[in-house]
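Right, one structure below, let's go through it.
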Amino acid sequence: MAADVETELLEVFESLGSALYPSPELANRVRQRVRTRRRRIRWVSAVAVVALAIVGIAIFDHAPTPPTVTLPPAPKLTLDISAVNVEAMAARGDRLYVARNAYPRGLLEAYDLRSGAKLSSAPVPAGPSSVVVAADGTVWVAFFPSNAGRRAGVAEFSPNLRQRSMLLTDGRYLGTDAYDVMPQGRGRALLATAAGLVSVTMPPLGQRRTVHANPTNAHPTGPPISRLGTPVELARLSNGAVAVLLVGNGRRSTVILTRGSARVSGAQFSGTEVTFAPSPDGLWVTSGVGPRSALQRLSTTLTPLPVGDVIHTQPLPGGWVRVWTSNRTVWVATRGRRISLTCFAFSDPQHEPGATIDLPAEDGAEHFDPVVSGDLTVLPLARQVYVASPFGITSYPVPAACRS
Amino acid sequence: MRSADDSAFTDFVAGSGRRLLGLAYLLTWDQRAAEDLLQVGLERAYRSWPRLNREGTPDAYVRGVMVGAATDRWHRRPAGPATYLEEMEPGEAGDAHDAEVRAAVIRALAGLPADQRAVLVLCHFEGLTESQAAAVMGRSVGTVRGQHARAIARLQALLPTGRA
């Protein structure tokens, strides 16, 4: 009897499993999506070498003089969730927001960072690309379109995720992809989209209506930037300017500063492997892959600043992977035999103590921006890559040398 | 990424895309969700492509990501009727009973929990053993064995009498 069932199963599976054909454009679609999801994803190869060409920016060498402390890889807290589809995270106080892809929809969840308990969750119309907590505590999520016909857009949630307002794209004004969102005051935000930079005004929280983008509530803003590439990541600098990372056709990336509708200045990098993060006096940037990668410190006008000893701390066969910041603390992910997180509280460019956390994972920090909240740094990690449930969200104590 | 790696990725998608999309469909029971699921798996594979290509295991990697995503408890949702339920044709000889059995299997599969359906797909579509399926799903062999047995029993109970 069981054999009959299994025979029927095989026939049904073979019939249904061979009925569909993938789109001829699938490989290109995957490439494009990966290259433009900058906030969460960074593809790094130890063998590929991309020549670094920076306009007006110095390149720093890596001297192997590490004043760092290696911590035991002891996670402080691991949230009991599968993080296989974690797309972005953000934290405020003890609350961690995790945006996940729950195809064809997305999901936004809030966790208590101290206990690991899930506090609340809310659906997102499509797969999320970025999550940001605004100064007023509201949580903003930008999301991509899906194959299932879900449109891109942005949603604003109350801190407890119980109220939501939403803006869906109509494809005409916002383009088809929303890569990043930067809250700019109550109900207002700047979006990085396939169509350029767009400012939006949301409906009030709690009004569960869908507002379609139109010229009255969404309009292209800022300088013409389409010839430079697609804006994929935003960061506000201490002088009020907005830094925009533009990715152009896989050959070059550009960081520009905008203030209102004016473009202030810019710097160009070869390749698409660029990450950046704001600091009180400017911007930290990683660019390139492998041993030719570089970490730079730039001013608020994108001129190079001295970096000091800390970034010369590691022999880097795999290079700098990504950089992010929290207050005055700078974090860099580096690739050696495995991915490591090196941090330092930056104030004196000549000498800063730092610390390194060697991650016990094959996959993880190279793809995601960890978030830092209080004395915890949190990131999703994959311990093995060939099984289905290797991912978890793990937090580590921030080393004392890195607290700021 | 080197052009050789990029070409290898294109070849991989061209060569394995249909099979992986079939797996995605059987895991999700929805064509559009399957396309999204496959894209999720391929995007993750592309990020680590040089290593996966060098190790010769991109299929296993994409399969692992898709199974993990499809069986994630937050993604489980009641499966609707299979897209192709109405499109399934009777057997070549016009055997109405075979068609009835097949339709019953499809209905029964649609009603299975995502975990049980994933076990069936891995064991009867991908051809894995229960131990291999357990490794892919990150579950114990005992758990997968139990899910497999319950799924088969449920299918048997739902099939038309006289066949199962």
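We name chains A, B, ... by the order of the sequence lines, and we start the count at 1 in each one.
- Checked against side-chain contact (heavy atoms from CB on, under 4.5 Å), B:Pro113 has the following partners two or more places apart in sequence or in another chain: B:Gln116, B:Arg154.
- Taking 4.5 Å as the heavy-atom cut-off, the residues of residues 11-24 of chain B that approach chain A are B:Val13, B:Gly17, B:Arg18, B:Arg19, B:Leu21, B:Gly22, ordered by number.
- Rounding to the nearest 0.5 Å places CG of A:Leu26 at 9.0 Å from CD of B:Glu35.
- Going from atom OG of A:Ser18 over to atom CZ of B:Phe125 covers 7.5 Å, rounded to the nearest 0.5 Å.
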**Message:** Quick one, B:Leu109 with A:Leu9, criterion side-chain contact (heavy atoms from CB on, under 4.5 Å). Give me CA distance, side-chain angles, the key distance, then yes/no.
**Reply:** CA-CA 9 Å; B:Leu109 284 169; A:Leu9 265 181; 3.7 Å; yes
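- Within the 4.5 angstrom heavy-atom criterion, only side-chain atoms of B:Leu26, from C-beta onward, approach chain A.
- Atoms CZ and CG, on A:Arg29 and B:Leu42 in that order, are 10.0 Å from each other to the nearest 0.5 Å.
- Heavy atoms closer than 4.5 Å to chain A are found nowhere in B:Val62, neither backbone nor side chain.
- Contact detail for B:Val105 and A:Glu8: the closest heavy-atom pair is CG2-CB, 3.8 Å.
- The aromatic rings of A:Phe13 and B:His124 sit tilted relative to each other, their planes meeting at an angle between 30° and 60°.
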